[in-house]
Every structure is written in C-alpha cells, then in structure tokens.
Visitor: 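Take a look at this one; I'll ask things after.
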2 protein chains.
Amino acid sequence: MVTDSKESEEKILKAAFSVFLRKGKAGARMQEIADEAGVNKSLLHYYFRSKDKIYLAVLKHTVENFILTIVQDLELTSDLKEIIKKLISKQINTIKENSQIFQFFMGEVWMNPDEVKNVFRETLKILDKSALLVIMERIEDAVRRKEIRKVSPFQLIVNIFSLDIFFAILSPILFEMTDFTEAERAAIVENRAEEVFNFVWESIRLRKEE
Amino acid sequence: MVTDSKESEEKILKAAFSVFLRKGKAGARMQEIADEAGVNKSLLHYYFRSKDKIYLAVLKHTVENFILTIVQDLELTSDLKEIIKKLISKQINTIKENSQIFQFFMGEVWMNPDEVKNVFRETLKILDKSALLVIMERIEDAVRRKEIRKVSPFQLIVNIFSLDIFFAILSPILFEMTDFTEAERAAIVENRAEEVFNFVWESIRLRKEE
DNA sequence: AAACAGTCTAACCATTTGGTTAATATAATT
DNA sequence: AATTATATTAACCAAATGGTTAGACTGTTT
C-alpha cells in the first residue's frame, strides 16, 4: 500500500539508524534495514543511492549528537562551580540515555577515521558553538579571579568529558575487575556524576592560602 | 612450498591480528588474512576452524593487552606521587604505541559486548593482578597517612585510565573543535602525561591545613 | 621404497550481499 | 478520464564470502 511519500523515507532513516548503531557499518545489512522499516529493499536505493549514503546520514546524526553532548546548552549561572556541576550531570545523563550512539561513535572513529573526521568538521561548521565558547570564557574568567588554578579551558573540558564517557561505556567490563556486588555497582554508577564533579573540582579550585 | 609447519600458524595469527584490528570483526575478510599471511585460504580453516575462532584468538590477545596496560608493572617506589606519575606515563606510552588495539577494543566492546565480557573475565583469571592490588593498597595507605584525600582506589584508577585513553583515541577529532596549530597540537599531545598527572594529583593531594 | 601422517593448495559450492530492472500501484495534473 | 510523475515492489544479477573437498606435496616411520 502506498500510504505516504515522505514518511517512508523517515521510516527508512529511523531503521537505518537502529541497525547501523547495533551492527556498525560493515555489519549492517540493507535487508535488515528494509525489514525493520517495513519496506521493500529497493526503496532504500530509491531514496538514498547506496549503503554508503545511508551510512553517511546516520553518521551525521551521530556526530551531531556527540558534539551536542559535549557542548550542552546550560543556563548561564554566574558560578563556575555550578556550571561545571551542571555540565557533568547533563553530559552523563545524555550519555546514559544514548549510550549506543557513543559506543557506535567510538567504534566508527577507528574504522573510518577520515570519514568521521570530515563529518565532524562539517557538523562543527553548522552547529552553534556559542555555548561552548561561553563555558570556556567562564573558565578563563574564573582563572583570572583566582577561583580556580590556571588551566587550559580546552583540556579541562576534554578531561571532564573523558571522565564522563569512558566510564559510561566501559563500566560493565571494568567492574569485572572488582568484587563489587550488583548493588554496589549500581550505587557507583548512580553517583558517577558526583564523583566526577568532586574529582574535577578538587583538582582546579584554589584554596585560600595558595 | 611447504616450508615449516608451525610457522604458518603464526603467520596466519599475525595477519589475522592485523586485519581484524584494521577492519573489525564484520569487516575482516578471510581472503585478506590469507593474502597477508601469504597462504592459501583453506589453511586458515585447517588451523583454526572458522572465522569466529580466529577472531576469538585475536580478541584474547587484545583484551590481554588492554588489561596489562591498565595494570602496568611498576617498580614499587614508596612514594605514591611517583607511582601515579609513572603509572600515567607508562599507560599513555603503551596506548600511543598500540593505539589500534585500544580503538579496536573500544569498538568491539559495543559490537560484541557479551563475547568481550567473557574473554575479559577469562583473561582476568589467568593474568597476574598483584601489580594492581599493590597500587590499590598504596592508595589506601596514602589515604590513611593523610597524604591524599579519601578516594576509592578503584575509581581513582578508572579516572586515571579514562584521562589517558580517551584523549589518546579521540584527540585528532577533538582538535577539530579548536584553532590550535599543528605545532600546538603536537605540544599538547606531547605533554599529555604531565597534564593528566597534574590534574589527578591536584585533585587528590591533601594540603597542610586541610 | 612403501606406507603413513601432517601440511598445503586449487577448484568448487551454497549463501549472502549490495545493487538493478522492469513492471505495478498510487497520487497529481491536465 | 487520460496523462504524467511519483512510490513501491517482485524478480533478478553479478560479485563476494565463509566454508568444503579431494588431491598433491613433504618429511617421517617402517
């Protein structure tokens, strides 16, 4: 039944997103995407020309998500401490809710580094980076005001994101190295945002006498 | 020419390692492995039964590398500060030298989480974990001696490794967000170990009056 | 030197895969 | 209602892929 023209395209994209995220570029199958979209396989080639093109669409979406997660649009509290606390908690929540996206991204970065890099560059041109710039300014402000020690805003943000994402992706495996019970593990995951904030803030805040 | 029996097996393994690391499980091709090993494709099935089995061998090797990188065998300086400094610099060097392994690992974790988890568990049983335990004890000692603030040894080690590996894998892409020149980027990469150590140490060291 | 066992290969196979084609169904336009 | 443009599908195809088989080569044992 020919119901609706552009809805098919969306259904395909949605299905492609789901399949590529689960199987990766090499593992994804056109037939599986078609099935999941409830559509004939030829239609995939009708709307997108090839597997590569569909993959590209998915990759774009993924990269956008990735960047927006790092940046995060925060209400601009004046207090850097609050800004960082909110940034971390928002990042961790976003990662938790979309962990597949980030795992996929980490995987594809290595499989198709050039393609990912290109898409990354393109996406950066389009996206609004003001939120990131504001945070960086706040960090520099705080350094000037001696609220925190001298740090590179870029490296600080990278450090924060590292602490957020790596744990989110690998914690199930890392826990294998420990004797924690299920309950303890859950508690650690639950408190990760606080732990990261503490770790970061203790590192950068300036004490009175220093 | 039939030269040597067990050398073929090794050549195959080596080639498999190279191909799987570059292409991932789904993207790797038996023929490519055979070619790279300079061997008939049937021989792959003669020594290993299937693609899955070869993959498993590669995965095991990878996981071992991964764990050994986290753990690192250090000479046991008495000073925790020195231990951490050495741990970070060794981890970063290992990651830099074998970045493919870690990128592959991060990718496979999400594609075959259960398989990876199993291999991880198995490998943990075999490997000598005493080095890790010693470091953890040192951390707890240092807490007792009020050299550092109260931290969970597990989380501290995870945090350190996060800061090491995430940057190593993603820095080329993250730099796209900045205006750094090539020289500046190189300098940042070069100094990453020091940056991480500072970040960590500033976070955990206890000041006199605290 | 004959028999044997282990190693290795060429040829082959069934299945899967991305992609194409030609025809059909539906919606839009005249 | 006839024509045209757009969606959609079933059937098909060539190439690629993991795997098998039957035989050949080589070194060892008898």
Visitor: With a 3.5 Å cut-off and no angle check, do the side chains of A:R149 and A:S203 form a donor-acceptor pair?
Guide: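 The criterion, which ignores hydrogens and geometry beyond distance, is satisfied for A:S203 and A:R149.
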Visitor: I'd like to check the side-chain hydrogen bond (donor to acceptor under 3.5 Å, both in side chains) partners of A:R138; sequence neighbours left out, ordered by chain and number.
Guide: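 Testing A:R138 for side-chain hydrogen bond (donor to acceptor under 3.5 Å, both in side chains), a comparison that skips the adjacent residues, returns none.
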Visitor: Over the length of the helix from C:dA1-D:dT30 to C:dT30-D:dA1, how much do the five-pair end axes diverge, rounded to 10 degrees?
Guide: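 That helix gives 10° between its end axes.
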Visitor: May I ask you to list the residues of residues 52-63 of chain A, by number, that have any heavy atom positioned under 4.0 Å from an atom of DNA chain C?
Guide: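 Correct list: empty, so none.
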Visitor: In a check of salt bridge (Lys or Arg N to Asp or Glu O under 4.0 Å) between B:E176 and each of A:K129, A:K125, A:R121, which one passes?
Guide: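 Testing B:E176 for a salt bridge (Lys or Arg N to Asp or Glu O under 4.0 Å) against A:K129, A:K125, A:R121 leaves exactly one candidate, A:R121.
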Visitor: Can you tell which of D:dG19, C:dC8, C:dG19 lies closest to the side chain of B:S50?
Guide: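 Nearest nucleotide to the side chain: D:dG19.
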Visitor: Among residues 23-42 of chain A, which ones have heavy-atom contacts with DNA chain D below 4.0 Å?
Guide: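 Under 4.0 Å from DNA chain D: A:V39, A:N40, A:S42.
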Visitor: CG of A:L44 versus P of C:dT20: gap in Å, rounded?
Guide: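 Whole-Å distance recorded here is 12 Å.
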Visitor: Within the 3.5 Å criterion, strictly below it, is a donor on A:N40 or A:Y46 matched to an acceptor on the partner's side chain?
Guide: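 No - no donor-acceptor pair under 3.5 Å links their side chains.
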Visitor: Would you check if there is a donor-acceptor pair between the side chains of A:N112 and A:E108 at a distance under 3.5 Å?
Guide: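 There is such a pair (donor and acceptor under 3.5 Å, judged by atom type) between the side chains of A:E108 and A:N112.
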Visitor: Quickly work out the A:E10 CD to D:dA7 C1' distance and round it to whole Å.
Guide: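 Spelled out: CD on A:E10 to C1' on D:dA7 is 15 Å.
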Visitor: Establish, yes or no, whether the cationic atom of A:K25 lies under 6.0 Å from the six-membered ring centre of A:Y55 and within 45° of the ring axis.
Guide: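 Judged by the rule, A:K25 and A:Y55 form a cation-pi pair.
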Visitor: Between C:dC8 atom P and B:L43 atom CG, what is the distance in whole Å?
Guide: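 It is 5 Å, rounded to the nearest whole Å.
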Visitor: Just the rounded figure in Å: distance from P of C:dT9 to NE2 of B:H45.
Guide: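 About 15 Å, once rounded to whole Å.
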Visitor: When the distance from OH of A:Y46 to C1' of C:dA23 is rounded to whole Å, what number comes out?
Guide: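 Rounded to whole Å, this separation is 15 Å.
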Visitor: Have B:N198 and B:E194 got a donor and an acceptor in their side chains that come within less than 3.5 Å?
Guide: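 Side-chain D/A pair, B:N198 to B:E194: absent.
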Visitor: Can you name the residues that form a salt bridge (charged side-chain N to carboxylate O under 4.0 Å, His left out) with B:E32, not counting sequence neighbours?
Guide: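 For B:E32, the residues satisfying salt bridge (charged side-chain N to carboxylate O under 4.0 Å, His left out) (neighbours in sequence not counted) are B:R22, B:K23.
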Visitor: Could you tell me how far apart A:F48 (CZ) and C:dT20 (P) are, to the nearest whole angstrom?
Guide: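 Going from CZ in A:F48 over to P in C:dT20 covers 16 Å.
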Visitor: For B:D73, I'd like to know if atom CG has over 12 heavy atoms of other residues, nucleotides or ligands within 6.0 Å.
Guide: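 For B:D73, atom CG is not crowded (no more than 12 foreign heavy atoms under 6.0 Å).
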Visitor: Let's go through B:F199 and A:V151 carefully: what are the C-alpha distance in whole Å and the side-chain angles of both, what is the deciding distance for side chain to side chain contact (heavy atoms under 4.5 Å, CB included) to 0.1 Å, and is it a yes or a no?
Guide: CA-CA 9 Å; B:F199 193 79; A:V151 291; 5.8 Å; no
Visitor: What is the distance from NZ of B:K51 to P of D:dT20, rounded to the nearest Å?
Guide: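 Atom-to-atom, B:K51 to D:dT20, this comes out as 15 Å.
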Visitor: Can you name the residues that form a side-chain hydrogen bond (donor to acceptor under 3.5 Å, both in side chains) with A:N93, not counting sequence neighbours?
Guide: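 side-chain hydrogen bond (donor to acceptor under 3.5 Å, both in side chains) check on A:N93 returns nothing, list empty.
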